[in-house]
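Data block below; observations after.
One-based numbering, in listed order, for ligands and for the atoms of each.
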Amino acid sequence: MMRLPKFRYYAPRTVREAVKIRADAGPEGAYVAGGTDLYPNMKRRQQTPKTVIGLSRIPSLGRMRFGSETVSIGSAALLSRVENDRRIRRDYPGLAHAIAEISTPPLRNMGTLGGNLLLDTRCNYYDQNYEWRQAIHFCLKKDGDVCWVAPASRKCLAVQSADSVPILIALSARAVLVSPEGEREIAVEDLYRNDGIAYLTKRPEELLTAIRLGKPDGWRGTYKKLRRRGAFDFPVLSVGAAVKREGGVVTGARLVLGGVASAPLRLTAAEDALRGRPLEEEAIAAAAQAAAGPSRPMDNTDYSFLWRKEMTKKFVAAALRELQ
Ligand SMILES: Cc1cc2nc3c(=O)[nH]c(=O)nc-3n(C[C@H](O)[C@H](O)[C@H](O)COP(=O)(O)OP(=O)(O)OC[C@H]3O[C@@H](n4cnc5c(N)ncnc54)[C@H](O)[C@@H]3O)c2cc1C
């Protein structure tokens, strides 16, 4: 049986208190929301914080606010709550669907949207217990100095695998971050860095407090996920797609891949292939073709990486057909 290491647990009641404790804890600290990613990682000694700051007792982080211009989802809102909210289902069905694809109902009753955005990157050589990793002398991401996926690589290639992220970027969502210095808001797209270890641009002490979405304003979005087990599995390739059409032609398109790099990947050439054209087979085929080039999965998750690359075209085309 894998046991949690010893740690000190705090349960602050306010955001201000939480960020203060986190800033004081320095590199030894970590926030925890649902704990469905952090605690298994701690049991495997992938993450070993000495101070853990629970977020579930801070009421404002669990709230969802539906304003006239924006929807603000508290970072600690449970996945099941967001997935089943009738206004989310009506205005952002692609997001509701992506969240429904995350793990299993019991885990979605525990896991939060914020925790999903900040999910650790994944790799076959990393997502193993301590003894397994020790037997291969660990890897670059934790305790070792070689990336077993590409031993010549100086950079960790662990992969971005959170289901909500590609569709949130496609929908131009924004993230609110709070630290002892104050509050700032950035595009969710700018939260990520293509580095399997330092995969977030946010500072460690910054608390993600909310995820904001603008009104749909004619945009429609969808999400497609490749995985081995239909019941539950992390994505090994995913597509978040959003399109706006006016007068029968595409006036806006945002396409994002997950599961192929350490950060979500915007497919700008594929987006360009759609703009100004009707969303019909010819434009869809051009976009799917343009998506394949930048999709360069590595051999670090389930399925062959060449097949995952090949599947990019099919999944982008399938997502766009759903938006026709
Ligand atoms: C069996 C299993 C299957 C899974 N399948 C999937 C899947 O198919 N798709 C998928 O996307 N995920 C999957 N997950 C991962 C996980 O359940 C989800 O990603 C979930 O949304 C994580 O949310 P959480 O609240 O539990 O995160 P936590 O574990 O609490 O936190 C995750 C990380 O985010 C940080 N954090 C959390 N909230 C904040 C905040 N507000 N501000 C700053 N930092 C914060 C934590 O410090 C930690 O580093 C699976 C997990 C398990 C155990």
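The G34 neighbourhood of ligand 1 comprises atoms 24 (P), 25 (O), 26 (O), 30 (O), with distances under 4.0 Å to a heavy atom of that residue. In the vicinity of L207, heavy-atom distances shorter than 4.0 Å reach the ligand 1 atoms 40 (C), 41 (N), 42 (N). The atoms of ligand 1 that sit less than 4.0 Å from any heavy atom of L55 are 38 (N), 39 (C), 40 (C), 41 (N). Which parts of ligand 1 touch L38 is read off a 4.0 Å heavy-atom cut-off, strictly below it: atoms 29 (O). Atoms of ligand 1 found under 4.0 Å from any heavy atom of G111, numbered from 1 in the order shown, are 23 (O), 24 (P), 25 (O), 26 (O). Which parts of ligand 1 touch V32 is read off a 4.0 Å heavy-atom cut-off, strictly below it: atoms 30 (O). Interface of S75 with ligand 1, defined as ligand atoms under 4.0 Å from a residue heavy atom, comprises 41 (N). Using a 4.0 Å cut-off to heavy atoms of A162, the atoms of ligand 1 that qualify are 11 (O).
Nearest protein heavy-atom neighbour of atom 42 (N) of ligand 1: L208 N, 3.0 Å. Of all protein heavy atoms, the one closest to atom 9 (N) of ligand 1 is D163 OD2, 2.7 Å. Closest protein heavy atom to atom 45 (C) of ligand 1: L118 CD1, 3.3 Å. Of all protein heavy atoms, the one lying nearest to atom 13 (C) of ligand 1 is F234 CE2, 3.1 Å. The nearest heavy-atom contact from the protein to atom 27 (O) of ligand 1 is G115 CA, 3.4 Å. Taking atom 47 (O) of ligand 1 as the reference point, the nearest protein heavy-atom neighbour is Y31 O, 2.4 Å. With hydrogens left out, the protein atom closest to atom 49 (O) of ligand 1 is Q47 NE2, 3.9 Å, a heavy atom. Given atom 3 (C) of ligand 1, the protein heavy atom at minimum distance is S103 CB, 3.5 Å.
Checking only distances, M110 never comes within under 3.5 Å of ligand 1, N or O to N or O. Residue P40 has no nitrogen or oxygen atom sitting less than 3.5 Å from a nitrogen or oxygen atom of ligand 1, judged on distance alone. Residue G35 has at least one nitrogen or oxygen atom sitting less than 3.5 Å from a nitrogen or oxygen atom of ligand 1, judged on distance alone. Inclusion of E206 in the set of residues having an N or O under 3.5 Å from an N or O of ligand 1 is not warranted. Note: an N/O pair closer than 3.5 Å links K225 and ligand 1 by distance alone.
Rounding to the nearest 0.5 Å gives a distance of 10.5 Å between CG of L274 and CZ of R245. The distance from the CG atom of L207 to the NZ atom of K202 is 7.5 Å, given to the nearest 0.5 Å. From K6, atom NZ reaches atom CE of M42 across 12.0 Å, with rounding to the nearest 0.5 Å.
A donor-acceptor pair under 3.5 Å is formed between the side chain of S75 and the backbone N or O of L208. With hydrogens and angles ignored, the 3.5 Å screen pairs a side-chain donor or acceptor of R308 with a backbone N or O of V236. Side-chain atoms of Q134 never come within 3.5 Å of backbone atoms of Y130 as a donor-acceptor pair (strictly under, hydrogens ignored).
If you look at F232 next to ligand 1, the close heavy atoms, those under 4.0 Å, all belong to the side chain. If you look at L79 next to ligand 1, the close heavy atoms, those under 4.0 Å, all belong to the side chain. Residue contacts with ligand 1, taken as heavy atom pairs separated by less than 4.0 Å, involve L119 solely via side-chain atoms from C-beta onward. Heavy atoms of S161 found under 4.0 angstrom from ligand 1 belong exclusively to the backbone. At a 4.0 Å heavy-atom cut-off, ligand 1 touches L107 through the side chain alone. Contact annotation for A33 and ligand 1: heavy atoms of both the backbone and the side chain come within less than 4.0 Å of the ligand.
Checked against a 6.0 Å centroid threshold, the rings of Y10 and Y31 do not count as neighbours.
Ion pairing between a basic and an acidic side chain is recognised when a charged N comes within 4.0 Å of a carboxylate O; R203 and E181 show such pairing. With respect to D120 and K141, a salt bridge is recorded, a charged nitrogen being found less than 4.0 Å from a carboxylate O. A salt bridge between D233 and K225 is absent, with no side-chain N of the basic residue lying under 4.0 Å from a carboxylate O of the acidic one. Under 4.0 Å is where a charged nitrogen must lie from a carboxylate oxygen, and between E206 and R22 no such pair does. Using a 4.0 Å cut-off between charged side-chain N and carboxylate O, R87 and D85 make a salt bridge.
Between atom 21 (O) of ligand 1 and the options V178, I211, T112, T36, the minimum heavy-atom separation is to T112. Comparing I102, N116, V165 by heavy-atom distance to atom 11 (O) of ligand 1, the nearest is N116.
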Intermediate values then yes/no, side chain to side chain contact (heavy atoms under 4.5 Å, CB included), R277 and V250: CA-CA 6 Å; R277 302 167 80 175; V250 174; 5.8 Å; no
Trace of the side chain to side chain contact (heavy atoms under 4.5 Å, CB included) decision for I186 with L191: CA-CA 7 Å; I186 61 169; L191 197 51; 3.9 Å; yes
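Taken together through direct or relayed side-chain contacts under 4.5 Å among Ile, Leu, Val, Met, Phe, Trp and Tyr, I58 and I73 form parts of separate hydrophobic clusters. Note: the hydrophobic cluster containing V71 also contains I169 (ILVMFWY, side chain heavy atoms under 4.5 Å, direct or indirect links).
Distances shorter than 4.0 angstrom do not occur between any heavy atom of A76 and any atom of ligand 1.
Cation-pi check for R229 over F232 is met; the charged atom lies under 6.0 angstrom from the ring centroid and within 45 degrees of its normal.
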